[in-house]
> 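This structure is in structure tokens; I'll ask about it shortly.
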Protein chains: 2
Amino acid sequence: MEDKLQLLRQHFEEIVSLTDEEWNFVQSHFEFKSLKKHQFLIQVGQPVDFEYWIIKGLVKAYSIDEKGKEHILQFAMEDYWVSDHCAFQHQEPGTIFVDCLEDSEFFCLSLENREKICFEVPAVANFFRIKSNHGYINLQQRILSLLTMTVESRYEYLLNKLPKLIQRVPKKLIASYLGVSRETLSRFNS
Amino acid sequence: MEDKLQLLRQHFEEIVSLTDEEWNFVQSHFEFKSLKKHQFLIQVGQPVDFEYWIIKGLVKAYSIDEKGKEHILQFAMEDYWVSDHCAFQHQEPGTIFVDCLEDSEFFCLSLENREKICFEVPAVANFFRIKSNHGYINLQQRILSLLTMTVESRYEYLLNKLPKLIQRVPKKLIASYLGVSRETLSRFNS
DNA sequence: CTTGAAAAGTGATTTAGGTCACTTTTAGCT
DNA sequence: AGCTAAAAGTGACCTAAATCACTTTTCAAG
């Protein structure tokens, strides 16, 4: 466990500096969780008690429409944060599903604990501020790609940006992430 | 100007508390700017020196594709923040246009000043952290709406969420925001 | 290794929405 | 008030992608 917490500390220290004392305070606010492939981290209608930092593994966050079709909001792997941020922030029942595409391990942070460490340790507030800002920028670019790019170039863009992901995830899920049908993506592929 | 700064202070204090001393320090890091309708706040290829908080007015942030078509990333009005966050964050030339749909006034915050006030005043770091988090949540919902909803329901959703906006913005721009052609939106409208 | 299921590929058909061309309406300016 | 330009509406046609139905390939579990 020590080594896993060390990874998390490194994740923070890529962005801000923490004293040992600060880190000890911070780390004590995380819980460990481990799930097998196909198990759910978050489910629609269930409480969303945590934000999760992924130690290892791979998850998909998605919603299901009226027709039962799956739409992928996010893939998240090692070193990523994932949650139903909306439900989490407002402490409401989940609006999306998050489940494991591989056996995965997480550090879990509750809303209360997040606010506590942010207001106690300014560096942590800055860490989450900067992280959140990066996340915002990424989502803006995804929106622009959905508005401006063809399916084909969106796929190429993703291939470039996250080549490792493509190898770990079935193409039908990539299609769902790109907002296109499995069949159409398959035709571009070849 | 005092009253305008007061509005900005209120904007901060909706989320965090600031002492008078802190506020005086914070406000001194903003610049004022005023633009007429049709003038540009940000242009592709130009430096993006600031993030802008809108005192009054309305702007659109958009990119132009190879075919010359405009795709709207964001509308922003009173009390909103706007910038080319990506270019701003990395201090690179602008990748989008932002121009005024109405005469507008702004408080401008440079990257250097933002980091300064965030690291000097923890409450400000928390303010931007929380703001950024809300922004992230909004963008996630927009992505989900682009992936899961039909044009018609996206339009209804927007009507519900921002009824005031619809009245201030030509429908062809709404269409561009929704990722649909002017003509198609018009047919749903009626 | 075998086998059953999931994933991927592919053809035929349908459809939502785009594009083009034109008309009508609205709104801003002098 | 009158005029111009932008916005909005609308019909005809076109196209990219969805859908459906089926086959082939890959992969994982016994």
Side-chain angles (χ1 to χ4, degrees), chain A residues 35-39 57-60 62-72 75 97 99-104 145-159 165-190, chain B residues 35-39 57-60 62-72 75 97 99-104 145-159 163-190:
Chain A
L35 288 180
K36 296 279 174 202
K37 190 170 172 171
H38 294 132
Q39 290 187 313
L58 175 60
V59 305
K60 65 176 201 275
Y62 59 101
S63 88
I64 307 270
D65 68 19
E66 331 77 64
K67 290 175 194 154
K69 221 170 92 177
E70 184 176 306
H71 302 271
I72 296 192
F75 293 110
F97 295 96
D99 68 23
C100 299
L101 296 171
E102 304 173 358
D103 296 351
S104 305
S145 80
L146 284 169
L147 292 178
T148 66
M149 293 161 84
T150 65
V151 173
E152 198 166 8
S153 47
R154 261 181 279 159
Y155 181 64
E156 279 161 19
Y157 177 73
L158 186 66
L159 265 179
L165 185 76
I166 314 291
Q167 277 141 23
R168 290 166 74 175
V169 172
K171 290 234 174 71
K172 66 166 188 173
L173 296 184
I174 302 288
S176 162
Y177 177 87
L178 295 174
V180 74
S181 75
R182 185 184 73 68
E183 293 93 332
T184 299
L185 185 65
S186 166
R187 285 183 238 267
F188 283 127
N189 252 174
S190 44
Chain B
L35 288 179
K36 296 278 174 204
K37 189 170 170 171
H38 295 133
Q39 291 187 312
L58 177 59
V59 306
K60 65 175 200 277
Y62 58 102
S63 89
I64 308 267
D65 67 21
E66 330 77 63
K67 289 176 193 153
K69 221 169 91 178
E70 185 176 305
H71 301 272
I72 296 192
F75 293 110
F97 295 95
D99 68 22
C100 300
L101 296 172
E102 303 174 359
D103 297 351
S104 304
S145 81
L146 285 168
L147 291 178
T148 66
M149 293 162 84
T150 66
V151 174
E152 197 166 8
S153 49
R154 262 180 279 159
Y155 180 65
E156 279 160 19
Y157 177 72
L158 186 66
L159 264 179
K164 288 178 208 160
L165 184 76
I166 315 290
Q167 276 141 23
R168 289 166 75 175
V169 171
K171 290 234 174 72
K172 66 167 188 172
L173 296 184
I174 303 288
S176 161
Y177 177 87
L178 295 174
V180 75
S181 75
R182 186 185 73 67
E183 292 93 333
T184 299
L185 186 64
S186 168
R187 285 182 238 268
F188 284 125
N189 253 174
S190 43

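What you see is a predicted model, and the numbers here were worked out from it, not measured in a lab.
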> Any side-chain N or O of A:K69 under 4.0 Å from OP1/OP2 of D:dA18?
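Negative; the distance criterion is not met.
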> What is the distance from CD of B:E152 to P of C:dA16, rounded to the nearest Å?
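Between P of C:dA16 and CD of B:E152: 11 Å.
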> In this structure, how many angstroms lie between the C1' atom of D:dA8 and the CD atom of B:Q167, rounded?
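These atoms are roughly 17 Å apart.
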> Any chance you could lay out the side-chain contact (heavy atoms from CB on, under 4.5 Å) test for A:L35 and A:V59, step after step, and finish with the verdict?
CA-CA 10 Å; A:L35 288 180; A:V59 305; over 6 Å; no
> Looking at A:I72 and A:E70, what are the two nearest heavy atoms and their distance?
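That closest heavy-atom pairing would be CD1-OE2, 4.0 Å.
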> With a 4.0 Å limit, can you tell me whether B:S186 has a side-chain N or O closer than that to the phosphate oxygens OP1/OP2 of D:dG9?
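For D:dG9, OP1/OP2 do have a side-chain N/O of B:S186 under 4.0 Å.
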> Report the distance from atom CG of B:L101 to atom P of D:dA7, rounded to the nearest whole Å.
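Checked: the CG to P distance equals 10 Å.
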> First locate atom CG of B:L185, then atom CZ of B:R154, and finally report the distance between them rounded to the nearest 0.5 Å.
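Interatomic distance, B:L185 CG to B:R154 CZ, rounded to 0.5 Å: 10.5 Å.
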> B:V169 and B:I174: which non-hydrogen atoms are nearest, and at how many Å?
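The pair with the smallest heavy-atom distance is CG1-CD1, 3.9 Å.
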> Let me know which of B:K36, B:R168, B:H38, B:K37 forms a side-chain hydrogen bond (donor to acceptor under 3.5 Å, both in side chains) with B:E102.
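Going through B:K36, B:R168, B:H38, B:K37 one by one, the side-chain hydrogen bond (donor to acceptor under 3.5 Å, both in side chains) with B:E102 is satisfied by B:R168 alone.
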> Of all of residues 169-176 of chain A, which get a heavy atom below 4.0 angstrom from DNA chain C, listed by number?
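Within this stretch, A:P170, A:K171, A:K172 sit under 4.0 Å of the strand.
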> Using the benzene-type ring in the case of Trp, are the ring centres of B:Y177 and B:F75 under 6.0 Å apart?
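B:Y177 vs B:F75: aromatic centres under 6.0 Å.
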> Run B:D65 and A:L147 through side-chain contact (heavy atoms from CB on, under 4.5 Å) and show every step you take.
CA-CA 10 Å; B:D65 67 21; A:L147 292 178; over 6 Å; no
> Could you give the CG-to-P distance, from A:D65 to D:dA18, as a whole number of Å?
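One finds 13 Å between P of D:dA18 and CG of A:D65, rounded.
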> At what distance, to the nearest 0.5 angstrom, does OH of B:Y157 lie from CG of B:L178?
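Nearest 0.5 Å value for the OH-CG distance: 11.5 Å.
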> Reckon A:S181 has a side-chain N or O less than 4.0 Å from the OP1 or OP2 of D:dA17?
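No.
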> For nucleotides 20-28 of chain C, give me every protein contact, N/O to N/O, under 3.5 Å, one pair per line with atom names.
{"from": "C:dC20", "atom 1": "N4", "to": "B:E183", "atom 2": "OE2", "distance (Å)": "3.3"}

> How close or far is atom P of D:dA17 from atom CG of A:L178, stated in whole angstroms?
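Checked: the CG to P distance equals 12 Å.
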> In whole Å, I'd like the distance from the NE2 atom of A:H38 to the P atom of D:dA28.
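So the NE2-P distance, A:H38 to D:dA28, works out to 11 Å.
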> How many angstroms lie between CE in A:M149 and NE2 in B:H71, if you round to the nearest 0.5 Å?
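The CE atom of A:M149 sits 11.0 Å away from the NE2 atom of B:H71.
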> Take the protein atom CG of A:L146 and the nucleotide atom P of D:dA17, then report the distance between them rounded to whole Å.
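My rounded result for the distance is 13 Å.
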> When the distance from NZ of A:K36 to P of D:dA28 is rounded to whole Å, what number comes out?
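One finds 16 Å between P of D:dA28 and NZ of A:K36, rounded.
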